[in-house]
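Atoms within a ligand are numbered from 1 in the order they appear, just like the ligands themselves.
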Amino acid sequence: MVFQDPLNALNPVFPIREQLLDVIRHAGKSREEAKKISRKELEEIAIQSLGEVKLPDPKRILSCYPLELSGGMRQRILIAMALVNKPNFLIADEPGTALDVTIQAQILDLLENLVISRGISILLITHNLGVIQTTTERVYIMYAGQIAETAPTEILFEDPKHPYTQGLLASVPRLTGGQIAEGIKGTVPDYTEVPSGCRFHPRCDYVMAICKKQKPPFVEIGPNHKVGCYLYTDRGKNDE
Ligand code: SF4
């Protein structure tokens with residue numbers, strides 16, 4: 001997993017060397033196996049790992065503390081750590097949020113290249129609709145901890161069905177003019193006291209009586225396109 005904020009994910013009081021070597025020593029190995037690897041071997045793997053995420057001068061970086069590196073460099077180090085175990089599946093939690101847009105684009109390019117060169121799948125957790133549209137193949141729209149809608153990316157952006165997805169897409173400001181986006185009314189619920197039935201119901205313009213009582217089923221409405229909303233069920237259509 002690549003954690004969200006690289007500054008918090010790395011320990012500020014140890015140099016990168018200690019943190020990366022520790023991960024390499026123990027990744028996928030028993031305690032006995034880990035003890036047998038020499039520090040020289042570990043260091044060689046560390047240098048190679050930093051090179052793979054396109055970090056220049058890996059030897060110098062190993063001696064640095066996290067605070068001495070830029071946000072983009074720290075993010076690359078976290079990616080290098082996540083790759084040590086040779087994963088088939090990587091979870092990247094907001095991998096560019098703490099970075100400026102140009103560095104964010106470089107990190108996303110790096111992740112995209114990993115998909116191609118290593119054949120791994122990446123689950124990207126993000127609030128950035130532009131990033132989702134340009135980098136992913138399938139989207140799961142989450143609301144208050146539940147999946148509201150899922151579809152291949154192109155279909156979801158062309159024909160969003162869940163009122164929350166529609167609200168999200170309508171909230172994006174358009175550079176081409178038109179009305180200023182209004183956003184979705186209300187606020188996200190307290191996660192310790194989520195609304196009954198459909199969790200989106202207090203904010204939904206199409207709310208029906210059934211929505212407040214029971215969680216909507218997740219129904220298939222097209223090829224690989226599913227939505228959790230009563231508007232697409234017979235029960236919802238018959239509701240007053
Ligand atoms: S189930 Fe009801 S409240 Fe929930 S999104 Fe659909 S219409 Fe709105």
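Around atom NZ of Lys86, no more than 12 heavy atoms belonging to other residues, nucleotides or ligands sit under 6.0 Å away.
Remark: ligand 1 atoms within the under-4.0 Å shell around heavy atoms of His201 are 3 (S). Of all atoms in ligand 1, numbered sequentially from 1 with element shown, those under 4.0 Å from a heavy atom of Leu231 are 7 (S). Distances below 4.0 Å separate heavy atoms of Pro163 from the following atoms of ligand 1: 5 (S).
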Practice problem: Apply salt bridge (charged side-chain N to carboxylate O under 4.0 Å, His left out) to the pair Glu33 and Lys36, showing each step before the final yes or no. | Solution: CA-CA 5 Å; Glu33 285 169 333; Lys36 288 181 195 156; over 6 Å; no
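Counting only heavy atoms of the protein, atom 6 (Fe) of ligand 1 lies nearest to Cys229 SG, 2.3 Å. The nearest heavy-atom contact from the protein to atom 2 (Fe) of ligand 1 is Cys211 SG, 2.3 Å. Looking from atom 4 (Fe) of ligand 1 to the surrounding protein, the closest heavy atom is Cys198 SG, 2.3 Å. What sits closest to atom 1 (S) of ligand 1 on the protein, heavy atoms only, is Tyr230 N, 3.3 Å. Ranking protein heavy atoms by distance to atom 8 (Fe) of ligand 1, first place goes to Cys204 SG, 2.3 Å.
With respect to the salt-bridge test (charged N to carboxylate O, under 4.0 angstrom), the residues Glu43 and Lys40 do not qualify. Using a cutoff of 4.0 Å between basic side-chain nitrogens and carboxylate oxygens, Lys59 and Asp57 are not scored as salt-bridged.
Rounded to the nearest 0.5 Å, atoms CG (Leu78) and CD1 (Ile107) are 9.5 Å apart. We find the OG-CD distance between Ser117 and Glu52 to be 8.0 Å, quoted to the nearest 0.5 Å.
Among the atoms of His162, no N, O or S atom falls under 2.8 Å of atom 6 (Fe) of ligand 1.
Remark: the backbone N or O of Lys161 is paired with a side-chain donor or acceptor of Gln166 at under 3.5 angstrom.
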